[in-house]
Amino acid sequence: MTALLLALCLTLAVVLAVLLACQWQAARMWRMRHATGLVLQAAQAQRMADALALLHALPAAVIGADHDGVVQYLNPRASAMGGRLGDDGLGQPVTELLPLFHDGAPVDAARQVRDCVARQEVLEVARGAVLLRHLDGKRIDVQYSCAPLAQGGAVLLLHDVSARRRAEQQLEFIAHHDGLTGLPNRLHFQIRFEHGIAYARRHQALLAVLFVDIDRFKSINDSLGHDVGDQVLTEFARRVQQCVRKVDTVARQGGDEFIILLTELRTAHDAERVAEKIVAAIAAPFVIGEYSLSVAASVGVALYPDDDDDVNALIEKADLAMYAAKRHAPGTCLRYAARMQTQSYSRTILETALRHALERNEFALFYQPRMDLKTRTITGVKALLRWKHPELGLMMPLDFLPVLEESALILPVGAWVLATAVEQARSWIAQGQMLTVSVSLSARQFYQRDIARNFAAALEAAGVPGHCIELEIAAGILIDRNQNCELILRQFRQLGMAIAISDFGTGDASLNYLKRFPTDAVKIEKCFVDDLGKPGGDGAMVGAIVAMARTLGLRTIAGGVESGAQLELLAEMGCDEAFGYYLGRAMAPEGIEVLLKSSAVLQN
């Protein structure tokens, strides 16, 4: 019995132990599930916090709205973009929070949200959207999109693209405007011109193209430097703009050329009056730093539809008229005429032929004898360029020299002239004739980089002393008063070459220039020599130049002597040297050699 009770007690104990173990295990499982729930809740809360932090940190405005477009959430960037403080925008229609405009028209943002939710499609607006901020009315360029949410409603995402838009506008401005003057460039002018032509065709209106070029601008650049040249261009552009209306267009064509479109004209004379107004405005001195510069402009005028109805043809004809004005009288304006087309065609052919003349050895130097009026002997010659044209024969400088000087061709041709003159001087030295060869320099040549070094190389290569070469330089080149001008002249003098100033007394050059710059001689121009021996011609100008030169220790050289009477009067006045048809026309080197050997010719 006892054993049975003991067995029963053991069984109860085991059952109790099992029950206790099960209860403990259940309690343990409950505690584990509770802890896991807490962990999951905490993790979910952390994920929510991280998501909100991410939304707050986004560099874009994020707005959550319900299916009716009422704001349920907005991040700080959205509050700032809408001009609100904190959560002030919550519960408001998105249209009130964000007053948006697209291509100038107001946008109903709430309606877009409703459409987005209904269609379950993403709406994107890439360009042209503008937000007007509530706080201060500031304009903000935005790019925005609206996407539907799975649980209902939609999210709007807005990016501030104002900085990018400004950069794009700046790039667009640079692409269509001149960087120096800020004027429209050639591309922008072409666009406006095409629009103007289309308008004129529709309304049977009159318009004009003016082509404007600054005369002698390269000499300003070469003598005073590009900084001064840039300031001249800027001031030039400002003055031209003041001469036209706001509806007109002034553009920089390139370099020193400007082009103007005049629209809605009543008569052709209106365009010519504007051109004359521009010429007058430019004529006033340009004060650039320490310099007071005299600047002139040549203007060509072409009219639609009188002269042509094609954009490019009108520009070309205005250009032709401008060049005609420059040739006729620099600093004036001319209306296009049909004859200019023929002249331009001839000039184009001439320039093309000149480009090949040097390589085909078609140029030649002729020499005009120069006499010493004291000894009555030939002591020098003036080198004169001739062109042996294969079809037109021997051409004089007046027929082609202006084309050379307007283009860069003057530089290689000028170098050939100097080299040929130096070589001819060497030939005469070998024959026992020490003749001074006078060579004229253009402004382009004078201000060419390393010009003195190039001359030194030419003299050294030929083995000719510098005193055998005289450089004739127009007084107008010295008017620019650049210190480099004096430096270049001194470099020529160091090579032993003499300096003669031509055109003195015919332009703006004054006695000051002769005193300031290192020179050796003054040339008396033919227009003054012509007065000698004529009724009423007292030769006062010649006498004054001779007396002035003698005071400064300079020689005088008279050009264009055509009679014995003129020669004698020059000798009586004390002129040192002379040349002209009376003493001998320009001739080939062989003619000079014959002249030197002929004592009979020398006595005449």
Side-chain angles (χ1 to χ4, degrees), residues 218-219 327 346-347 349-370 378 380-428 435-448 451 454-455 458-459 461-462 464 468-477 492 497-503 521 523 525-526 557 559-561 579-581 583-593 595:
K218 190 177 188 307
S219 66
R327 288 193 300 269
S346 302
R347 184 185 184 281
I349 294 176
L350 189 65
E351 185 171 345
T352 303
L354 280 168
R355 291 186 182 278
H356 300 292
L358 193 57
E359 60 191 51
R360 294 172 180 169
N361 200 30
E362 293 174 0
F363 287 117
L365 278 189
F366 278 37
Y367 301 89
Q368 191 166 21
R370 205 165 76 184
I378 302 301
V381 294
K382 179 176 175 60
L384 298 168
L385 184 63
R386 299 289 186 265
W387 181 14
K388 296 179 180 179
H389 195 283
E391 297 175 3
L392 303 177
L394 192 65
M395 295 182 66
M396 299 294 106
L398 284 177
D399 296 326
F400 64 87
L401 201 56
V403 179
L404 279 179
E405 290 180 341
E406 287 177 13
S407 66
L409 293 173
I410 190 64
L411 298 180
V413 173
W416 178 87
V417 167
L418 179 71
T420 304
V422 169
E423 182 61 30
Q424 185 58 56
R426 186 198 63 77
S427 176
W428 282 328
L435 295 177
T436 299
V437 181
S438 176
V439 178
S440 296
L441 287 185
S442 70
R444 277 179 179 258
Q445 290 175 274
F446 185 81
Y447 291 112
Q448 185 184 8
I451 181 67
N454 295 340
F455 281 11
L459 291 171
V464 172
C468 291
I469 302 296
E470 178 184 85
L471 299 178
E472 184 178 307
I473 300 169
I477 296 176
F492 290 157
M497 294 188 288
I499 308 296
I501 304 301
S502 63
D503 297 336
K523 181 184 173 187
E525 296 303 313
K526 184 179 183 302
I557 305 166
V561 177
F579 65 92
Y581 285 170
L583 297 172
R585 294 175 178 267
M587 58 190 78
E590 297 77 15
I592 295 294
E593 293 161 12
L595 186 62

From [X] [atom1] over to [Y] [atom2], what is the distance, rounded to the nearest 0.5 angstrom?
{"X": "Lys523", "Y": "Ser438", "atom1": "NZ", "atom2": "OG", "value": "7.5 Å"}
{"X": "Ser440", "Y": "Leu418", "atom1": "OG", "atom2": "CG", "value": "11.5 Å"}
{"X": "Gln448", "Y": "Asn454", "atom1": "CD", "atom2": "CG", "value": "6.0 Å"}
{"X": "Gln368", "Y": "Tyr581", "atom1": "CD", "atom2": "OH", "value": "7.0 Å"}
{"X": "Trp428", "Y": "Ile592", "atom1": "CH2", "atom2": "CD1", "value": "5.5 Å"}
{"X": "Ile410", "Y": "Leu404", "atom1": "CD1", "atom2": "CG", "value": "5.0 Å"}

[X] versus [Y], closest heavy-atom pair with distance:
{"X": "Val437", "Y": "Ala425", "value": "CG2-CB, 4.0 Å"}
{"X": "Arg386", "Y": "Ala586", "value": "NH2-CB, 3.5 Å"}
{"X": "Pro412", "Y": "Leu409", "value": "CD-O, 3.2 Å"}
{"X": "Phe400", "Y": "Leu354", "value": "O-CD1, 4.0 Å"}
{"X": "Pro397", "Y": "Pro402", "value": "O-CD, 3.8 Å"}
{"X": "Arg585", "Y": "Met587", "value": "O-CE, 3.1 Å"}

Between [Y] and [X], is there a side-chain heavy-atom distance shorter than 4.5 Å?
{"X": "Leu595", "Y": "Tyr367", "answer": "no"}
{"X": "Leu471", "Y": "Phe455", "answer": "yes"}
{"X": "Val561", "Y": "Phe579", "answer": "no"}
{"X": "Arg370", "Y": "Thr436", "answer": "yes"}
{"X": "Leu459", "Y": "Ile469", "answer": "yes"}
{"X": "Arg444", "Y": "Leu411", "answer": "yes"}
{"X": "Leu385", "Y": "Trp416", "answer": "yes"}

### Task
Run the numbers on Ile378 and Leu583 for side chain to side chain contact (heavy atoms under 4.5 Å, CB included), then give the verdict.
CA-CA 9 Å; Ile378 302 301; Leu583 297 172; 5.7 Å; no

### Message
Looking at Ser442, is its backbone amide N or carbonyl O close enough to the side chain of Gln445 to form a donor-acceptor pair, meaning the two atoms are under 3.5 Å apart?
### Response
yes

### N-O pairing of Glu470 and Lys382 below 4.0 Å
no

### Query
Would Val464 and Arg426 count as a side chain to side chain contact (heavy atoms under 4.5 Å, CB included) if you check the C-alpha gap in whole Å, the side-chain angles of each, and the deciding distance to 0.1 Å?
CA-CA 6 Å; Val464 172; Arg426 186 198 63 77; 3.5 Å; yes

### Query
Can you list every salt bridge (charged side-chain N to carboxylate O under 4.0 Å, His left out) pair that touches residues 410-421, not counting sequence neighbours?
none

Counting only pairs under 3.5 Å, give me each side-chain donor-acceptor contact of residues 356-366, with atom names and distances, residues two or more places apart or in other chains.
unit_1: His356; atom_1: ND1; unit_2: Glu359; atom_2: OE2; d: 3.3
unit_1: Glu362; atom_1: OE1; unit_2: Trp387; atom_2: NE1; d: 3.0

